[in-house]
Amino acid sequence: MSAALEFAEVMAAPSPIATKGGVAPLDLISKRTTPRERCPNSFMLCGQNGVWAVLVNASCGHWSCRVCGERKAQRYAGIARRGCELATERIRLVTLTMPREDPGDSWRALGPRFGRFSERMARRLGRRLTYFGTVEMQRRGNPHLHLLTRDSGYVAKAELAAACTGSGFGFADIRQIAPGAGVQYVTKYLHKSAGQEMPKGVRRIRRSRSWLTEPPTIKGAWGEGWRWQSVEGWDGDYVEAKLRAEGVLEVFRYDQRVDVASDD
């Protein structure tokens, strides 16, 4: 290692929101309340701004990661639950399957087919669907879509089947369920998907804008002036000692997003 840490722009500049409204960047560092399992693919970054420095363990955030995938599943299960709580009538669970075809073709066709299906249902209902859905990978490798729909009114199975086959899907099913049961169905598929490899670029979660409006959150708001360097593989205590020897007054240890929030 060189005598001094050399910083480089190895991380995209975060939002400057922390510099507004009198909020100091370091005030946004979460305080650990409950130990959490660390992402096995996490990596360490060191950031410095004048006499301040942080050591950050950044999680990979991938669905295919056993730890991060489970966290994402928990977050989206909360979104599904809160959206169901807004229902003024019974929730409906819609299942859309793919026809017998090559799995690669199924995955590539999933997005366009769902777009056509949404358009057909919008014409039938006179408005856009309000939905939350997740993808399930079948044993044969083809995807299925499971959708919770809210306040869509009565939809005949024959009309759903026509929209489904007309859009390129295979079998379709719709059933009325209680809101709590709907969350249980989707949560099961969310947790099943966590840690599972799917083709690159696949949208595992689909939801309409009308499903739920989430409050704005502050994420990664370090502000301007921070210099970042990967220190993966280096001992944290050694890095901290080097920083202090170079004139840094405070070095904070920060496990990224460690607060125990429902959307974490």
For Phe114 and Tyr131, take the angle between the two ring planes, folded into 0 to 90°, and tell me which bin it lands in: parallel under 30, tilted 30 to 60, perpendicular over 60. perpendicular

Side-chain H-bond candidate by donor/acceptor type, Thr88 with Asp151, under 3.5 Å: yes

If we only count heavy atoms from C-beta on, is the Arg92 to Arg150 side-chain gap below 4.5 Å? no

Tell me which one of Val94, Leu110, Thr97 satisfies side chain to side chain contact (heavy atoms under 4.5 Å, CB included) with Leu145. Leu110

Flag the pair Met98 / Pro143 as yes when at least one side-chain heavy-atom distance between them is below 4.5 Å, and no otherwise. yes

Step by step, would you call Val135 with Trp107 a side chain to side chain contact (heavy atoms under 4.5 Å, CB included)? CA-CA 10 Å; Val135 175; Trp107 288 103; 3.7 Å; yes

Lys192 and Glu70 ion-paired at < 4.0 Å: no

Look at atom CZ of Arg127 and say whether more than 12 heavy atoms of other residues, nucleotides or ligands are closer to it than 6.0 Å. yes

Have Thr130 and Ser210 got a donor and an acceptor in their side chains that come within less than 3.5 Å? yes

Before accepting this row, confirm whether a basic side-chain N of the pair Lys242/Glu246 lies closer than 4.0 Å to the acidic partner's carboxylate O. no

Do the side chains of Leu86 and Leu212 get nearer than 4.5 Å, heavy atoms only? yes

Straight-line distance of Ser64 OG to Met198 CE, nearest 0.5 Å: 10.5 Å

Under 4.0 Å between a side-chain nitrogen and a carboxylate oxygen: does that hold for Arg128 and Glu119? yes

Answer yes or no: does atom CZ of Arg209 have more than 12 heavy-atom neighbours from other residues, nucleotides or ligands under 6.0 Å? no

Using salt bridge (Lys or Arg N to Asp or Glu O under 4.0 Å), reason through Glu240 and Arg244 one step at a time and then give a plain yes or no. CA-CA 6 Å; Glu240 181 174 345; Arg244 292 188 182 279; 3.3 Å; yes

Met44 with Leu243, same ILVMFWY side-chain cluster at under 4.5 Å: yes

Residues Arg253 and Asp237 bridged, charged N to O under 4.0 Å: yes

Does a donor on one side chain sit under 3.5 Å from an acceptor on the other, for Arg204 and Ser193? yes

